**Student:** 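Please see the structure below; I have some questions.
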Number of protein chains: 2
Amino acid sequence: MAKQVRLTLKMLADELGLSTCTVSRVLNGKGQQYRIAEKTMQRVLEHAHERGFSPNLVARGLRMKQTQAVGLVLPDLSNTFFAKIARSVANVANQNKFTLEVCDSQDSIDLEIEVLSLLRNRQVDGLIICPVGIDSEHLRILESGAPPAVLVDRYFPNLRLPYVASDNAGGAEAATRHLVEHGHRKIVCLQGLPNTITNVHRLDGFRRVLQVNKIRFRNYMIAGGGFTIESGYQATRKLLEQGHSFTALLTLNNLIALGALKALHEARLNVPEDVSLVTFDTIEGVDFFSSPLTTVSQSPRKIGERAAIMLFDLIYDRGGQDRGGQAVEQIHLPTRLTNRQSVRKLPV
Amino acid sequence: MAKQVRLTLKMLADELGLSTCTVSRVLNGKGQQYRIAEKTMQRVLEHAHERGFSPNLVARGLRMKQTQAVGLVLPDLSNTFFAKIARSVANVANQNKFTLEVCDSQDSIDLEIEVLSLLRNRQVDGLIICPVGIDSEHLRILESGAPPAVLVDRYFPNLRLPYVASDNAGGAEAATRHLVEHGHRKIVCLQGLPNTITNVHRLDGFRRVLQVNKIRFRNYMIAGGGFTIESGYQATRKLLEQGHSFTALLTLNNLIALGALKALHEARLNVPEDVSLVTFDTIEGVDFFSSPLTTVSQSPRKIGERAAIMLFDLIYDRGGQDRGGQAVEQIHLPTRLTNRQSVRKLPV
DNA sequence: TTGAAAGCGTTACCAT
DNA sequence: ATGGTAACGCTTTCAA
């Protein structure tokens, strides 16, 4: 199987009777700048096109010390939320003639560390990361700005890294307020992974609204402990078994909601007649649920897009990311409450 | 901003008072093979670890003419189906110490062509592609096997390329049979993009079962023309407006189903009381729909995994992909019908 | 207006 | 048991 040889710049130059550097210049649009004869340029361009030449980007990457590639690390590519982030990042990257190298950390800190080092060894020009957990030491090195990195969705307050996330506290407040305004006082928040910033902020918002409305916080009001279907399911089952008389559930992401729904369903409890429910994130086809869910939705598309744009600003050195500077851009995008009637108005 | 210099093999060698090639050998585990002194190896390994050295993969890629990267081209990363494919491909790739370069062709043939050439210029060692449409000329070049490529989900019979897809005809047959066995004879199939192999095979299966059951095919029995929510919605609306008296719908993917559901809902028609429905693909949370849908589901995870494994076989030259050979592996994975009671039993 | 040559960080051939 | 040197394919400095 004779590995067919790719056309190289040198071959092209030989065919043209020119030096590689002349050809390189023309092909990179630096013909004017180097005052290469109009005629020569024509000849080169034409021939290159004819022979279908395109440069070896690996060689170029080595020489220029930049690969035109960015890395993206996500905890679960099969979750629509992250998939949408991936899509918008990919599109922005491609628009910039960059390639996107995607890794799925499978919610494992070890894998995250591993792929991160893999990507860095591959000399990516930038990194977008949705860090998996609560440990952040391995991200410290990114504070140096080489390569530039932007965090999405989750971040660490003690890390001087730019990020794009949702206004989680605000979203939780809106959701909780919605419940309270409908007369609910016995609300259980099914949380995600404790100590992640996302979870912390959402809980903050939740408690704040309780407090403002003089609802005494009790321990049973926070249950669960993971952003998974399983966690939502188990937590809800346990609540029901223990006979807590809550009237409403606030689930901190789509998966937890699905799990809770399953448990409620098994217990023959209906939403919103028996239990009211508000959840973070949307669910595909939620409009066709037997009771469509009221949601606090984020915009993963915008998160990804914004993060990618920030990253390219850093890569192209717009926006002054010098590490001494104070300007580490940190963004909280607004969330939106969509009322789909999964909250019952309680009698006063 | 002084770009901090990365540690190179040469620096390491200098520090050790050895030549780069010795260090390189040790680090690549070829110490034994080249009979490098046990002591030296120790020294090298230790020092490298101490200094946290890791090789520049771009340079290595150039030198070795292989980048340890594979490309993945998908029409829409935000569709769970493709996202799941992406995830499993990414995982297999990472297990093999490869990186995955993902591109979203946004269902545009032009973009597909563009990213394909981008990926090839980046010298990826292999390609997995879910081609967007009906044109395949730009894929012809991949028949040469350099770089090796595997198609997923969609493919072209006139192209000698390996692929992994679902048994679409079989799936459609199962679905249609299910409907017929429940007494339905006025069935409308809401198709996807005409002329794509996926669509063609599903229609084949559909018609075959009609024929076997002596149900005369009529034109209104195939409607729509795209794998999108919009297409499903519009087609269903039109059907209703025109007053065709169908009793069942077979939708050829999840998005079409969602669109059809929306139209039915607006017309205050219920599933399955007024209209029965079976759809290809699953939908997140379909179990909680007011009427859960009976589905013919594929396994995107398996498709991706299988394709990735096939690709690595080709890359590592297992499985003899020499282009003279007859063995272009083409696989149809089985589908599964999950009955969720969205088909009503009609009186005889 | 063009070219020679160095260099990016590796690996591999051929010496010693 | 180890090292010198070329080579991978490109860009860029300096020279002509």
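Below, chains carry the letters A, B, ... as their sequence lines are ordered, and counting in each starts from 1. FYI, side chains are in, hydrogens and waters are out, and symmetry mates aren't considered; it's all heavy atoms of this structure. Computed from a prediction, not measured in an experiment: that's the story for all the values here.
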**Student:** Rounded to the Å, how far apart are A:Met41 CE and C:dT1 P?
**Tutor:**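 Atom CE in A:Met41 sits about 11 Å away from atom P in C:dT1.
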
**Student:** With a cut-off of less than 4.0 Å, is there a side-chain N or O of A:Lys30 near OP1 or OP2 of D:dT12?
**Tutor:**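 Yes.
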
**Student:** Have a look at A:Leu57 and say if it touches a base, only the backbone sugar-phosphate, or nothing, with a 4.0 Å heavy-atom cut-off.
**Tutor:**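 Counting heavy atoms under 4.0 Å across all strands, no contact is made by A:Leu57.
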
**Student:** Report the distance from atom NZ of A:Lys65 to atom C1' of C:dG9, rounded to the nearest whole Å.
**Tutor:**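 Nearest whole value for this atom pair: 9 Å.
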
**Student:** Would you indicate what B:Lys39 reaches in the nucleic acid, counting non-hydrogen atoms under 4.0 angstrom: base, sugar-phosphate, or nothing?
**Tutor:**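 No contact.
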
**Student:** Just compare C:dA5, C:dT10, C:dT1 and give me whichever is closest to any side-chain atom of A:Thr40.
**Tutor:**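 Of the candidates, C:dT1 comes closest.
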
**Student:** Say whether B:Thr22 and B:Ser19, considering side chains only, have a donor N or O and an acceptor N or O under 3.5 Å apart.
**Tutor:**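 Yes.
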
**Student:** Between B:Leu62 and B:Thr22, which is nearer to the 5' end of DNA chain C once each is assigned its nearest nucleotide?
**Tutor:**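 Closest to the 5' end, via its nearest nucleotide, is B:Leu62.
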
**Student:** Can you check whether B:Ser19 has a side-chain N or O nearer than 4.0 Å to OP1 or OP2 of D:dG4?
**Tutor:**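 For D:dG4, OP1/OP2 do not have a side-chain N/O of B:Ser19 under 4.0 Å.
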
**Student:** Taking B:Arg6 for the side chain and B:Ser54 for the main chain, is one N or O donor matched with an acceptor at less than 3.5 Å?
**Tutor:**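 Indeed, once roles are kept as given, a pair shorter than 3.5 Å links the two residues.
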
**Student:** Write down the atom of B:Ile134, the atom of B:Thr196, and the distance for their closest heavy-atom approach.
**Tutor:**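 Shortest heavy-atom contact: CG2-N, 3.8 Å.
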
**Student:** B:Lys10 side chain N/O closer than 4.0 Å to the phosphate oxygens (OP1, OP2) of C:dC8?
**Tutor:**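 No, B:Lys10 has no side-chain N/O under 4.0 Å of OP1/OP2 on C:dC8.
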
**Student:** Using whole Å, what does the distance between atom P of nucleotide D:dT12 and atom CG of A:Leu9 come to?
**Tutor:**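 A:Leu9 atom CG is separated from D:dT12 atom P by 12 Å.
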
**Student:** Should the ring pair B:Tyr163 and B:Tyr155 be called parallel, tilted or perpendicular, given that the plane angle runs from 0 to 90° and is split at 30 and 60?
**Tutor:**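 Parallel.
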
**Student:** For A:Lys97, is there an ion pair with B:Glu114 - N to carboxylate O distance below 4.0 angstrom?
**Tutor:**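 Counted as a salt bridge, because a side-chain N and a carboxylate O are separated by less than 4.0 Å.
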
**Student:** What integer distance in Å separates B:Asn28:CG from C:dC13:P?
**Tutor:**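 To the nearest whole Å, that distance equals 14 Å.
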
**Student:** From the options D:dG9, C:dT10, C:dT1, select the nucleotide whose nearest atom is closest to the side chain of B:Pro55.
**Tutor:**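 Among the listed nucleotides, the one closest to the side chain of B:Pro55 is C:dT10.
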
**Student:** For the pair made of OH in A:Tyr34 and P in D:dT12, what is the distance, rounded to whole Å?
**Tutor:**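 Computing the A:Tyr34:OH to D:dT12:P distance gives 7 Å.
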
**Student:** Please work out if B:Gly31 contacts a base, only the sugar-phosphate, or nothing of the nucleic acid, heavy-atom cut-off 4.0 Å.
**Tutor:**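 No contact at all - B:Gly31 keeps every heavy atom at 4.0 Å or more from the nucleic acid.
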
**Student:** D:dG4 P sits how many Å from B:Asp14 CG, rounded?
**Tutor:**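 To the nearest whole Å, that distance equals 11 Å.
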
**Student:** So, OP1 or OP2 of C:dG3: does either fall under 4.0 Å of a side-chain N or O from A:Thr20?
**Tutor:**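 The answer is no; no side-chain N or O of A:Thr20 sits under 4.0 Å from OP1 or OP2.
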
**Student:** Does C:dT10 have OP1 or OP2 sitting under 4.0 Å from an N or O in the side chain of B:Ser24?
**Tutor:**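 No, B:Ser24 has no side-chain N/O under 4.0 Å of OP1/OP2 on C:dT10.
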
**Student:** Counting heavy atoms from C-beta on, name the nucleotide in C:dG9, D:dC10, D:dT2 closest to the side chain of A:Ala59.
**Tutor:**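 Side chain of A:Ala59 sits closest to D:dC10.
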
**Student:** Check the distance between D:dA1's P and B:Gln42's CD and give it to me in whole angstrom.
**Tutor:**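 Those two atoms, CD and P, are 16 Å apart.
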
**Student:** Output the distance between atom OG1 (B:Thr99) and atom CG (A:Leu118), rounded to the nearest 0.5 Å.
**Tutor:**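 So the OG1 of B:Thr99 and the CG of A:Leu118 are separated by 4.0 Å.
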
**Student:** Classify the side chain of A:Arg25 versus the base of D:dT13 as yes if they form a donor-acceptor pair under 3.5 Å and no if they do not.
**Tutor:**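 A donor-acceptor contact between them is present.
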
**Student:** Name the nucleic acid region contacted by B:Arg60, choosing base, sugar-phosphate or nothing; use a 4.0 angstrom heavy-atom cut-off, strictly under.
**Tutor:**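 B:Arg60: backbone/sugar contact only, no base atoms under 4.0 Å.
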
**Student:** Whole Å only: how far is the CD atom of A:Gln66 from the C1' atom of D:dC10?
**Tutor:**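 Result: 13 Å.
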
**Student:** Out of D:dA1, C:dC8, C:dA5, which has the shortest distance to the side chain of B:Arg35?
**Tutor:**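 Closest of the options to the side chain of B:Arg35: D:dA1.
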
**Student:** When you measure from the side-chain N and O atoms of B:Asn56 to the phosphate of C:dC8, is any distance below 4.0 Å, counting only OP1 and OP2?
**Tutor:**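 B:Asn56 to C:dC8 OP1/OP2: no side-chain N or O under 4.0 Å.
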
